[in-house]
Amino acid sequence: MKITGVLLLFSLALFCISVPATDALQAASVYCRDQKGLRDMCSMEYVPHCGSDGVTYPNKCTFCNAFLRSRGGLGLRSLNAC
């Protein structure tokens, strides 16, 4: 019985790690909706954004520029470095 419980917990942990945060991935269009078009200049502040492409963007402006260039193909994985 103990082995079954341990295997169940282990498989649950692997499942949680392997499933991406779908809420974050689909929210990029909502997150960037206030930025109507590409910006020529973004501030130098560092507030990392992890894109679904595995790239860490330095801030919201640069992430949203990349999102707009990808024509909606880029998702927001997290508000941290990748």
Using a 3.5 Å distance criterion without hydrogens, assess whether the side chain of Arg77 forms a donor-acceptor pair with backbone atoms of Ser52.
yes
Does the side chain of Gln35 reach to within under 4.5 Å of the side chain of Asn65, using non-hydrogen atoms?
yes
Examine Leu74 and Leu79 and state if one hydrophobic cluster contains both, with Ile, Leu, Val, Met, Phe, Trp and Tyr joined whenever side-chain heavy atoms are less than 4.5 Å apart.
yes
Any side-chain heavy atom of Phe63 sitting closer than 4.5 Å to one from Pro58?
no
Pairs touching residues 51-60 that satisfy salt bridge (Lys or Arg N to Asp or Glu O under 4.0 Å), sequence neighbours left out:
Asp34-Lys60
Any chain of hydrophobic side-chain contacts (each under 4.5 Å) joining Val47 to Leu76?
no
Which label fits Tyr31 and His49: parallel for a plane angle under 30°, tilted from 30 to 60°, or perpendicular past 60°?
tilted
Sequence neighbours excluded, the answer for side-chain contact (heavy atoms from CB on, under 4.5 Å) partners of Thr56 is Tyr46, Pro48, Ala81, Cys82
Distance, nearest 0.5 Å, that separates CE of Met41 from OG1 of Thr62:
13.5 Å
Is any side-chain heavy atom of Cys32 closer than 4.5 Å to a side-chain heavy atom of Leu68?
no
Using every non-hydrogen atom in the two residues, find where Leu38 and Arg69 come nearest and quote the distance to one decimal.
CD2-CG, 3.9 Å
